[in-house]
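Shown next, in structure tokens, is the structure this report addresses.
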Number of protein chains: 2
Amino acid sequence: MSARTHERLIRRLGQHAALFAALGDQTRLMILVKLADGVPQSITRLSEGSDLTRQAITKHLTVLEDAGLVTGSRQGRENLFQIESDTLATAHDALDAISKQWDATLDRLKKHVEGA
Amino acid sequence: MSARTHERLIRRLGQHAALFAALGDQTRLMILVKLADGVPQSITRLSEGSDLTRQAITKHLTVLEDAGLVTGSRQGRENLFQIESDTLATAHDALDAISKQWDATLDRLKKHVEGA
DNA sequence: TAAATATGCAACTTATTGGTTGCATGTTAA
DNA sequence: TTAACATGCAACCAATAAGTTGCATATTTA
């Protein structure tokens, strides 16, 4: 691996880490699940049924928005949030990158054991 | 959604959150990448090339192990760690669950717009 | 216009995380 | 049997995260 390739890898890891960190909270996953039906929802709406305060939910939404997982748009007195499926796909691909590398190793290993 | 289904969902979200949280750190992703070539490596080995202390790496390995992403086994005076690809697949599936729900919504939406 | 609604902003508290240093213990090799 | 090596354990520190309360502001609606 060249030095430049290595640098790129590091940078990408940083972005991915931020993404996973945003996903690494039960409340935030719950918010994503609520938004996964495609209907944009207000902060108050997203707070309903939770035992947390509206402000806590707002903070979580900020984290999700910074990670690019949701976007909010002010609509009158409401701030409607919706999911960003592309970013979700990015996280998906990051896991693929690691697991595929591992799978490739597994293949080589299997062939080796089989005497191929 | 029934109350029991809802409980299960919550429990699963908790597990998934822990998994993503473990993935949500640059140093830990780096460790996983190092282990992704399939060769079990000692703590000292995994610490080489990092500007962190061995103990810091040890802590990260503990987090990864608690999340089920790696396992360590003592071999003489070394503790050799290797990746657990199944757990990685679990995280993968969790993202699938959310993004597929979103994709389904998108499909319905598209059909609706197309007047189908 | 006045009341109700939805949100934003800021200060503050507590718990967790990421990191360190120092020292003890077990293992291998000269 | 020492010396070198690999790790484990514990105390400690600084920064960040998660949550709260209180108050201000903008937007509807009766």
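A note on names: the letters A, B, ... follow the listed sequences, proteins ahead of strands, and every chain is numbered from 1.
- Counting to the nearest Å, the C1' atom of C:dG19 and the CD1 atom of B:Ile31 are 13 Å from each other.
- Considering only residues two or more places apart in sequence or on other chains, A:Ser42 meets the side-chain contact (heavy atoms from CB on, under 4.5 Å) condition with A:Thr44, A:Arg45, A:Glu78, A:Leu80.
- Listed by chain and residue number, nothing satisfies the side-chain contact (heavy atoms from CB on, under 4.5 Å) test with A:Ala21 (two or more places apart in sequence, or in another chain).
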* Nucleotide-resolved protein contact map, nucleotides 7-16 of chain D, B/S/- at heavy-atom distance under 4.0 Å -> BBB-------
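- A 4.5 Å side-chain heavy-atom check between B:His60 and B:Ile31 finds at least one atom pair inside the cut-off.
- Residues B:Leu64 and B:Leu19 share a single hydrophobic cluster, defined by chaining ILVMFWY side chains whose heavy atoms lie under 4.5 Å apart.
- Distances shorter than 4.0 Å separate none of the side-chain N or O atoms of B:Thr53 from OP1 or OP2 on C:dG19.
- For C:dG19, one of the phosphate oxygens OP1 or OP2 lies less than 4.0 angstrom from a side-chain nitrogen or oxygen of B:His60.
- Using cut-offs of 30° and 60° on the angle between ring planes, the pair A:Phe20 and B:Phe20 is parallel.
- Among all heavy-atom pairs drawn from B:Asn79 and B:Gly72, the shortest one is OD1-C, 3.5 Å.
- One interatomic measurement links the two molecules: CG of A:Leu46 to P of C:dG8, which rounds to 12 Å at whole-angstrom precision.
- Atoms CG (B:Leu52) and C1' (C:dT21) sit 15 Å apart, rounded to a whole Å.
- Rounded to an integer number of Å, the gap from A:Glu65 CD to C:dG8 P is 9 Å.
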